[in-house]
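Notes for the one structure printed next.
Note that ligands are numbered from 1 as they come in the structure, with each ligand's atoms numbered from 1 the same way.
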Amino acid sequence: MLELRSVTAGYARNEPAFDDVSLTVAPGEAVGLVGPSGCGKSTLARVAALLHRPDSGTVILGGEPVRHWRHRAPRAQRTAFGVVFQQPRLSADPRLTLGDLIEEPLRATGRRETAQERVAELAGTVGLTQDLLGRRPHEVSDGQLQRACLARALTLRPRWLICDEMTAMLDASTTAALVAVVESYRSATGAGLLAVGHDRTLLERWCDHTVRWENLTASPTPGNSL
Ligand code: ADP
Ligand code: ADP
């Protein structure tokens with residue numbers, strides 16, 4: 001299980017982005033979280049992905065509280081997560097091609113020997129041609145870049161996927177394609193999904209159940225209130 005228990009989080013010297021939120025995602029489960037812009041969804045998604053340390057409360061992964069946070073949790077735990085954001089966040093190095101970016105998590109974890117096959121397999125999964133793999137982010141469309149971001153999130157075969165407004169900038173057909181990739185990955189691996197966004201219709205169609213932000217923060221007891 002991935003569990004956020006009574007989590008409060010925010011940014012230094014500001015009011016917390018949210019206070020006392022609890023949320024659970026089971027393995028294989030797809031949970032949607034819908035709310036208006038600015039309510040704190042992205043911050044919650046970052047906490048759930050172990051990329052943002054909560055101010056209080058606990059993130060529990062497989063029954064164990066996540067410890068030893070700096071601003072993020074230790075990398076060994078973060079590699080269980082694949083994360084896709086609304087805006088591609090790729091690399092400080094603009095020379096890297098889409099193929100390099102998809103491969104990077106393997107390099108970063110010292111698993112280069114299988115990299116070429118894995119990149120080719122992922123390119124097929126997300127629908128990127130060899131030509132596109134050789135291009136740099138500024139040489140492709142938003143949709144092609146987001147396909148690469150999703151592939152990169154899957155590179156290390158994460159047990160949890162966190163999608164933060166993954167399709168907000170995309171057209172309907174690319175949205176459908178990327179949701180289908182996530183769903184086939186989930187059904188093949190049993191990974192759990194937390195998808196946050198503002199598009200309630202999309203999330204309700206996509207996810208097993210969808211929580212509204214208002215209910216989450218107003219909930220007096222831990223757990224997902226619908
Ligand atoms: P949402 O994803 O629902 O739009 P966010 O989690 O992005 O909400 O933002 C929640 C609150 O935290 C907002 O008030 C926003 O201005 C603030 N916030 C977000 N990112 C930062 C940041 N890096 N530094 C300071 N405040 C931030
Ligand atoms: P560290 O802080 O241990 O050096 P980083 O957080 O900088 O690690 O991660 C190294 C690279 O991996 C960065 O390019 C970052 O964008 C990427 N990355 C980190 N966490 C994830 C994740 N959960 N999913 C996909 N890419 C990630």
Do NZ/NE/NH1/NH2 and the carboxylate oxygens of R186 and E183 come within less than 4.0 Å? yes
Numbering as shown, the atoms of ligand 1 that approach N14 to under 4.0 Å (heavy-atom distance): 25 (C), 26 (N)
Is atom 16 (O) of ligand 1 less than 4.0 angstrom from some protein heavy atom? no
Heavy-atom count check: over 12 atoms from other residues, nucleotides or ligands less than 6.0 Å from Q116 CD? no
Atom 27 (C) of ligand 1 protein-contacted (non-hydrogen atom, under 4.0 angstrom): yes
Answer yes or no: does atom CD of E15 have more than 12 heavy-atom neighbours from other residues, nucleotides or ligands under 6.0 Å? no
Run the numbers for me: atoms of ligand 1, each under 4.0 Å from some heavy atom of S37, listed by number. 4 (O)
Could you work out, for atom 12 (O) of ligand 1, the closest of W213, Y11, F18 by heavy-atom distance? Y11
Does S42, backbone or side chain, put an N or O under 3.5 Å from an N or O of ligand 1? yes
Are V66 and Q77 close enough that some pair of their side-chain heavy atoms sits under 4.5 Å apart? yes
Does an N or O anywhere in G40 fall below 3.5 Å from an N or O of ligand 1? yes
Give me the nearest non-hydrogen protein atom to atom 6 (O) of ligand 1 as residue plus atom name, then the distance to 0.1 Å. T43 OG1, 2.6 Å
Are more than 12 heavy atoms, taken from residues, nucleotides or ligands other than R159, located less than 6.0 Å from that residue's CZ atom? no
Between R136 and E139, is there a salt bridge with N-O shorter than 4.0 Å? no
Check whether the side chains of D164 and S42 place a donor and an acceptor atom closer than 3.5 Å, and report yes or no. yes
Tell me the nearest of P36, G38, G35 to atom 4 (O) of ligand 1, using heavy-atom distances. G38
